[in-house]
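To start, the structure itself, in structure tokens.
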Amino acid sequence: MSDLLFDRPGPRARRRIRIATAVGAVAILALLALALRQFAANGQLDADRWSPYTTWPMWRYLLNGLWATALAAVVSAALAMAAGLALALGRLSRHRWIRVPAATYVEVVRTVPALLLVYVVLFALPRYGLDLPLFWKLVVPLAISNAAAFAEIFRAGILSVERGQGEAGLAVGLTQGQTMRLIVLPQAARRVLPSIVSQSVGLLKDTSLGFVVSYAELLYSGKVLATFNGLLIQTYIVVALIYLVVNASLSKLARALDARNAHDARNARDARRFGRRPARA
């Protein structure tokens, strides 16, 4: 993760984190071994209970659910990032009538569970004549919820850009809006990209709330499949592994972007110190 949102741990903190990670890993492995033993004792590891998942129709159905999950996540993320950027700029506005509502939205929505927003869209809005299509019953509450998180990410990125950058833009005749759009925002977006990817991982997991509205995302598809074939444990293990692969890949991407940003920052510091052009990663 980027250090825009928190301070990087020192040597002692890193040592405690490594110890806690090792202890947690041992505990998880022990629980996993116990679970496998229980599964074997109850015949859940028999080959005939797993063989259906070596066939294409099963995987095609689950991949359709994964596609529905990815579509909901992408649309939700796009809406949430657009709203989050507007909220971040609103929180940084000089005008109180813009700054206060934006800050209020962020502080309130960050405390409200996404599930509660799903219930509002699912049960409350239809009573007032606003019955959204099934897809939007999931996307709208996720976008509303994650917009607050993206707003804080973008605000942290904008504040991390040196004030001299904006002052230089104003000095050459750019307006405040042009300076923000052409100078500040591109640098801020690059710096917070790892945090954006990490937040998107959480949003992708939140699409499992489609289970509540009967949207055919991956988890709901797994439920339907388990009801059809009676392989409850096997189905949910396969679904969990799919989530693990996708989210782990996105998390690895976030770490790679963070490492590249750190490398570029070191190059820029060295360039300023020694008066040479920074090397590209």
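The hydrophobic cluster containing L79 also contains L71, counting ILVMFWY residues as joined when their side-chain heavy atoms lie under 4.5 angstrom apart, directly or transitively. By the criterion of side-chain heavy atoms lying less than 4.5 angstrom apart, applied directly or through intervening Ile, Leu, Val, Met, Phe, Trp or Tyr residues, L244 is not grouped with L29; the two fall into different hydrophobic clusters. In terms of hydrophobic clustering, with Ile, Leu, Val, Met, Phe, Trp and Tyr side chains grouped at heavy-atom distances under 4.5 Å, V184 and I98 are assigned to different clusters.
With E107 contributing its side chain and T104 its backbone, the two residues share no donor-acceptor pair below 3.5 Å. In this structure, T207 contributes its side chain and L204 its backbone to a donor-acceptor pair below 3.5 Å. For S208 (side chain) and L219 (main-chain N/O), no donor-acceptor pair under 3.5 Å exists by modelled atom type. Within the 3.5 Å criterion, the main-chain N or O of S93 finds a donor-acceptor partner in the side chain of R99. No side-chain donor-acceptor contact under 3.5 Å links S76 to the backbone of A73. Between the side chain of R49 and the backbone N or O of L231, no donor-acceptor pair lies under 3.5 Å. One N or O on the side chain of Q187 and one on the backbone of I183 form a donor-acceptor pair closer than 3.5 Å.
Contact of the R190 side chain with the R260 side chain is registered, since non-hydrogen atoms from C-beta on lie closer than 4.5 Å. Looking at heavy atoms from C-beta onward, R155 lies out of side-chain contact with V106 at the 4.5 angstrom threshold. Within the 4.5 Å cutoff, side-chain heavy atoms of T175 are placed close to those of Q178. Put simply, the side chain of F150 reaches to within 4.5 Å of the side chain of I196, judged on heavy atoms. Counting only heavy atoms from C-beta outward, the side chains of L117 and V121 never approach each other to under 4.5 Å. Looking at W59 and I242, their side chains come closer than 4.5 Å, going by heavy atoms from C-beta outward. In this structure, the side chains of I158 and M180 come closer than 4.5 Å at one or more pairs of heavy atoms. Between F154 and S195 the shortest side-chain heavy-atom distance does not fall below 4.5 Å.
A 6.0 Å sphere centred on OH of Y236 holds more than 12 heavy atoms belonging to other residues, nucleotides or ligands. For W67, the CH2 atom is loosely surrounded, since the number of other residues' heavy atoms within 6.0 Å does not exceed 12.
Nearest heavy atom pair, residue P141 against residue W136, reads CD-O, 3.8 Å. When all heavy atoms of G157 and V192 are compared, the pair lying nearest together is CA-CG1, 3.3 Å. Across E217 and A68, no two heavy atoms sit closer than the pair CA-CB, 4.1 Å. In this structure, I144 and Y105 approach most closely via the heavy-atom pair O-OH, 2.9 Å.
Once rounded to the nearest 0.5 Å, the distance linking CG of L174 with OG1 of T179 reads 4.5 Å. To the nearest 0.5 Å, the span separating OG1 on T111 from CG on L116 amounts to 9.5 Å.
By the 30° and 60° cut-offs, the orientation of the rings of H95 relative to W97 is tilted.
A salt bridge links R191 and E162; the closest N-O separation between the charged side-chain nitrogens and carboxylate oxygens is under 4.0 Å.
Note: Y220 and Y215 fail the aromatic proximity criterion, with ring centroids not under 6.0 Å apart.
One side chain, Y53 or T235, offers a donor N or O that lies under 3.5 Å from an acceptor on the other.
With Y243 as the aromatic partner, K205 does not meet the cation-pi criteria of under 6.0 angstrom to the ring centre and within 45 degrees of the ring axis.
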